[in-house]
Amino acid sequence: VDAFEGDVPWDELQLALALLWQRAAREGRDQGFGELLQRMAKCEFENERGEEVLVEEMDRLQGALPLPDGDDMEVAEKLMGGGRAEFETRRTETACLVMLR
């Protein structure tokens, strides 16, 4: 919720995502995010378009995951209903959706 409200810096969100993906990879359920984590470790997203490409990749991967249920579903529906927001907002929304799924 803090991330959705913009209270969490992007670098902290990236760290949380990396830890989430690392755990999922160890448990054999990374759904492609393990590869994305490896690309992050190689600094492939540390360039002019890096954040934009990372968000596009996260959005593509999370779109293939099943939707959450319960309270998480309500949050996900709010995040998905926003349309094309400015990049920083879209980046945070995508990160939140990935964490919910």
Side-chain angles (χ1 to χ4, degrees):
V1 173
D2 288 340
F4 182 66
E5 294 173 358
D7 295 337
V8 179
W10 174 240
D11 59 337
E12 290 182 24
L13 274 176
Q14 281 184 297
L15 178 59
L17 288 167
L19 292 170
L20 178 72
W21 298 339
Q22 182 181 47
R23 180 179 178 189
R26 285 184 181 160
E27 295 173 357
R29 54 176 188 83
D30 67 300
Q31 304 290 318
F33 287 101
E35 179 183 327
L36 195 57
L37 176 61
Q38 290 176 0
R39 292 175 61 197
M40 286 174 68
K42 293 178 185 175
C43 298
E44 288 187 23
F45 303 107
E46 301 297 323
N47 56 52
E48 189 175 312
R49 285 199 61 242
E51 283 186 15
E52 186 178 340
V53 173
L54 175 59
V55 170
E56 288 171 1
E57 289 292 317
M58 287 176 11
D59 195 37
R60 179 183 62 80
L61 289 170
Q62 71 85 19
L65 298 175
L67 291 172
D69 54 9
D71 291 340
D72 288 344
M73 183 59 191
E74 289 180 34
V75 174
E77 286 173 343
K78 289 178 186 176
L79 292 171
M80 291 185 291
R84 286 313 227 191
E86 66 181 68
F87 177 71
E88 287 186 14
T89 302
R90 187 170 63 88
R91 176 182 72 185
T92 301
E93 289 173 352
T94 300
C96 290
L97 280 170
V98 168
M99 288 182 186
L100 288 172
R101 292 179 177 203

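- Contacts of Gln38 classified as side-chain hydrogen bond (donor to acceptor under 3.5 Å, both in side chains), with partners at least two apart in sequence or in another chain: none.
- The shortest non-hydrogen separation linking Ala18 to Leu37 is CB-CD1, 3.6 Å.
- In this view, Arg26 satisfies the side-chain hydrogen bond (donor to acceptor under 3.5 Å, both in side chains) rule with no residue, not counting sequence neighbours.
- Put simply, CG on Leu54 and CZ on Phe45 are 5.0 Å apart, with the number rounded to the nearest 0.5 Å.
- No more than 12 heavy atoms of other residues, nucleotides or ligands lie within 6.0 Å of CD in Glu48, so this atom counts as exposed by the packing criterion.
- Take Leu19 and apply the side-chain contact (heavy atoms from CB on, under 4.5 Å) test, not counting sequence neighbours, and it matches Leu15, Gln22.
- The side-chain hydrogen bond (donor to acceptor under 3.5 Å, both in side chains) search around Glu46 returns none, not counting sequence neighbours.
- Note that CD of Gln14 and CH2 of Trp21 are 8.0 Å apart. Values are rounded to the nearest 0.5 Å.
- Separating the CD atom in Glu57 from the CD atom in Glu35 is a distance of 8.0 Å, to the nearest 0.5 Å.
- Taking Glu44 as the reference, Arg39 meet the salt bridge (Lys or Arg N to Asp or Glu O under 4.0 Å) condition, with sequence neighbours excluded.
- Under the side-chain hydrogen bond (donor to acceptor under 3.5 Å, both in side chains) criterion, Gln31 pairs with no residue, sequence neighbours left out.
- Pairing each heavy atom of Trp10 with each of Met58, the nearest pair is CH2-CE, 4.2 Å.
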